[in-house]
Amino acid sequence: MENSLRRELSLRIGFVILFVSIVIGGSYYFIFANFSEKEFKNDIENQTANISNIFTLQLWIFDLNTVKNFCSLLTNSPEIVGLRLLDHKEVVICKLDPPPQKNIIHIKKQLLYNGTTLVGYVDLYYFNTTWAQQRKNALIVGVCMVMSSLLASLLLIHLLLRRFLSKPLDNLKDDFRSNLQGEFHESKLKDQKVEIQSIVDAFNNLIRHLKFRDKEILKKTSDLKNEINERERTEGLLRISHEHWEKTFNSMEDLITVQNKDMEILQANKTTQDFFQTGNTNKIEKHCYELFLGKNSPCDGCPALETLDKGVSGSIIITHEKLGRVFHITTSPLLDERGEVTHLVHIAKDISEQKKLEEELLQSHKMEAIGTLAGGIAHDFNNILFAILGYAELLKQSISNGNPATEDVDQILNAGRRATELVHQILTFSRKGRESKKPMQPHIIIKEVLKLLRASFPASIEIQETIDPNSGTICANPTSIHQILMNLCTNSLHSMKDEKGILSIRLSRISRAHQEVIPETNVNQKDFVELVVSDNGSGIPKEFLSRVFEPYFTTKDIGKGSGMGLAMVHGIVTNLNGFIHVESTIDKGTTFFVYFPVIEKNSVELETKNNNGLPRGTERILVIDDERVNTKLYEEMLKSLGYHVTSYVSSTEALGAFQKKPEKFDLIITDQTMPHLNGGELAMKVLEIRPEIPIILCTGYSSLISEVKAQDMGIKEFIQKPVSKQTLAQTIRKILEHQPT
């Protein structure tokens, strides 16, 4: 334990205070005890006088029973512990011997009647129980007073010593410690007691002296330090500048080299070293054209030559045949103080991916433009086909069986249906076609196509198949899958010389984790059904790979293809939320990879409908189409089925007629693309008048409305032109028979 002056003073003063407190407490105890004893004796003398008077009166009248009862009553008092009563002849009347206790007061008194006649004697023995308790309390109070005084005094002394002694000394000690760390400053203590203030003054004198000596030492070493620091700072700045330049130089993703006037590479960044695998050295000791092209002289149009000659920057885009990369080359001069070229900076930026993206964007714009064109002509073409097929059907019905003209009409119908299919293919390619898709297992369709291929392909073509029946379920149209495989296989057949070779078809399920297999990086689907069609034919030149899915682009001989097959495949696959990838090598063959998203549903069978016979009716139908030939065709078709038909070529006139007599019609058939009011707008106005009336919307093509949107508007059916009589008849009956009555 530290030898503390404050603790020593506190203990010594505490002992003094303890002694004084004990003296004061003892004095209080003795004074209080004497006072209590005197007060007790006065009380028992008065009590004895009263008891004597009672005994004197009772003995005078000689009432011994009362005397004895009174004696018994007195013996029950806690203060009277002994009693003896005698008559005038000193005969004992009652007696209670006192216990052998100390502090018992004995009082003996004569009993005189009227102060003169002796009637007896009484002895009383008292014990002061109250006096004993008072002395005990006095002792406790005295002790408490002593302890309270001692604690209060010690606390007061502690606070005073801390205030006037310990705190100033602690502050002075802190000043000492601060100065030991080299921070010389005088103490700020002021107005202290004489003893403390003298110590503070001595301390401040010492600090002033140390400050003066410290300034002298610092002055002598300052010049030396400044010289050393300046040299270290200069060296550090040079090192940091060099490191910063190297880090910046090596962090650039482009291929950067510094060359002399002979185009010899003096320095190359890390990207260049890694790209050409020259090792971890920035001095390659090769000429630029040797490293990049493996030539003995600069390439034609090299911008470095112009930079060295004229001192200006230059740039060029080159395709590196050996590396298969495209570079954007820029060169800039490094000039000396006279403005002459001493070196040049050669930067080669790999823009292969950028070029690829530009080509893909251009391809996307081409596809979008063709899709827009396809949608634009679809409406008019379908209207024409509707008239051709519709009137051909009516003509066929009017010709008797066995008439030679029947075959001619059938040819018209077949040609019209082929034209319809062509329009459908164009719309599918442009992603605008309406195609019903249902859960299906593709291996079933693939197997059917393979049977057809074996029967139709030359025997010299070997067909190899690896079909996994558990490849999964996709959402598609069986006809679409049939078209995809037939077009890909036909394309492979045309690529084989002399119709000899191997055609391989594989169907399997793969996971999205196979990133090396699935080239698309923006697809979130986890699992895919992969269809691979591969051949060992002539292959596709590399420069044509990006164009194989363009409509009407083909490398085949005249008569072997129209260029729509692969474009059709691309459109169908995209419409099914899938994607397609092609790889090819000249004289080794071509492989197409087609990926369809897997859905976790069981395959379902396509519904079949009984198309035997045409349903008829007698309801009233309002027909609107801006082509007069179409309205006449509708009239003849519907009237032949028993319906009452009212037709208009103006949508505004048709709306006016409906507004006048809305209950006159049971069903409305309207074209979509019409002047003034299109079919969707007309339907909305009609439904405002009669919300329950059924409406059939027919269209050759429209980008303004879809089947889902039409149903949301309240339109019952959405039919794509050209519409056959059978489809029209079945659709009308389906709507009318499900109408609430």
Side-chain angles (χ1 to χ4, degrees), residues 379-380 382-387 389-391 393-394 614-707 709-741:
H379 175 264
D380 291 338
N382 277 329
N383 273 335
I384 296 171
L385 288 175
F386 177 42
L389 291 175
Y391 280 110
E393 285 183 351
L394 294 177
L614 297 180
R616 301 171 61 84
T618 60
E619 286 83 359
R620 299 162 298 175
I621 299 177
L622 174 62
V623 175
I624 308 101
D625 195 303
D626 61 328
E627 295 285 344
R628 173 59 67 183
V629 64
N630 289 345
T631 57
K632 291 183 64 178
L633 180 57
Y634 277 122
E635 289 179 3
E636 293 189 28
M637 282 184 175
L638 296 175
K639 287 180 179 179
S640 66
L641 295 173
Y643 296 103
H644 301 280
V645 183
T646 303
S647 64
Y648 288 92
V649 293
S650 170
S651 55
T652 55
E653 292 180 3
L655 177 62
F658 182 83
Q659 290 173 336
K660 291 179 180 179
K661 295 182 178 181
E663 302 299 329
K664 180 181 178 181
F665 307 102
D666 300 309
L667 182 141
I668 296 176
I669 300 174
T670 178
D671 186 31
Q672 165 60 17
T673 305
M674 297 184 295
H676 306 299
L677 283 177
N678 62 40
E681 295 170 340
L682 175 64
M684 293 179 64
K685 292 184 177 295
V686 167
L687 291 173
E688 289 177 357
I689 302 171
R690 279 187 60 190
E692 79 285 354
I693 189 168
I695 300 175
I696 298 176
L697 183 66
C698 299
T699 180
Y701 165 74
S702 174
S703 60
L704 300 178
I705 194 167
S706 63
E707 183 173 1
K709 187 175 180 181
Q711 291 176 352
D712 292 340
M713 293 168 55
I715 297 173
K716 298 298 183 182
E717 284 293 335
F718 184 89
I719 301 178
Q720 190 77 36
K721 287 182 180 180
V723 185
S724 67
K725 184 177 180 181
Q726 176 179 318
T727 301
L728 188 62
Q730 291 175 343
T731 303
I732 291 173
R733 290 320 311 163
K734 182 179 73 171
I735 294 176
L736 291 175
E737 289 173 3
H738 287 83
Q739 274 293 103
T741 57

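Predicted model only: the values in this text are computed from it and were never measured. The figures here come from the full heavy-atom set of this structure, side chains too, leaving out hydrogens, waters and symmetry mates.
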Inset, instruction - Flag the pair E663 and R620 as a salt bridge only when some basic side-chain nitrogen lies within less than 4.0 angstrom of an acidic carboxylate oxygen. - result: no
Legend entry - Separation of D666 CG from I621 CD1 (nearest 0.5 Å): 8.0 Å
Legend entry - Side chains of S640 and K725, donor plus acceptor under 3.5 Å: yes
Legend entry - Listed partners of Y634 passing ring-ring contact (aromatic ring centres under 6.0 Å, His included), at least two apart: F386
Legend entry - Side chains of T670 and S651 in contact at under 4.5 Å (non-hydrogen atoms): no
Inset, instruction - Measure the CD1-CG distance between I624 and N630 for me, rounded to the nearest 0.5 Å. - result: 13.0 Å
Inset, instruction - May I ask you to test the E619-L667 pair for a side-chain heavy-atom distance under 4.5 Å? - result: no
Inset, instruction - Identify the two heavy atoms, one from L641 and one from R616, that lie closest to each other, and give their separation to 0.1 Å. - result: O-CB, 3.2 Å
Legend entry - Pairs where residues 654-691 contributes a residue and the test ring-ring contact (aromatic ring centres under 6.0 Å, His included) is met, not counting sequence neighbours: none
Legend entry - With sequence neighbours excluded, residues passing side chain to side chain donor-acceptor pair (under 3.5 Å) with E393: none
Legend entry - Between OG on residue S650 and CG on residue D625, distance to nearest 0.5 Å: 12.0 Å
Legend entry - Check: T727 side chain, V723 main-chain N or O, donor-acceptor pair, under 3.5 Å: no
Legend entry - Minimal non-hydrogen separation, P722 against L389, with atom names: CG-CD1, 3.8 Å
Inset, instruction - Go through the structure and list residues passing side chain to side chain contact (heavy atoms under 4.5 Å, CB included) with E681, not counting sequence neighbours. - result: L677, N678
Inset, instruction - Find out whether K721 and D671 are in side-chain contact, i.e. whether some heavy atom of one side chain is under 4.5 Å from a heavy atom of the other. - result: yes
Inset, instruction - Indicate the atoms forming the closest heavy-atom contact of A729 with P615, along with that distance. - result: O-CG, 3.6 Å
Inset, instruction - Check L633 against Y391 and note the closest heavy-atom contact, atom names and distance. - result: N-OH, 3.3 Å
Legend entry - Separation between CG of L697 and CD of E717, rounded to the nearest 0.5 Å: 10.5 Å
Inset, instruction - Test side chain to side chain contact (heavy atoms under 4.5 Å, CB included) on L638 and I732 and set out the steps. - result: CA-CA 10 Å; L638 296 175; I732 291 173; 3.4 Å; yes
Legend entry - Atom pair CG (L682) and CG (L687), whose distance is rounded to the nearest 0.5 Å: 9.0 Å
Inset, instruction - List in chain and number order the residues that pass side chain to side chain donor-acceptor pair (under 3.5 Å) with E635, two or more places apart in sequence or in another chain; answer none if no residue qualifies. - result: S647
Inset, instruction - Quick one: list whatever passes side chain to side chain donor-acceptor pair (under 3.5 Å) with K632, sequence neighbours left out. - result: none
Legend entry - Intermediate values then yes/no, side chain to side chain contact (heavy atoms under 4.5 Å, CB included), I696 and K716: CA-CA 6 Å; I696 298 176; K716 298 298 183 182; 5.7 Å; no
Legend entry - Minimum heavy-atom distance I715-I695, with the two atoms named: CG2-O, 3.4 Å
Legend entry - Rounded distance [0.5 Å steps], CD in Q730 versus CD1 in I735: 12.0 Å
Inset, instruction - For residues Y648 and L622, determine if any side-chain heavy atom of one lies less than 4.5 Å from a side-chain heavy atom of the other. - result: yes
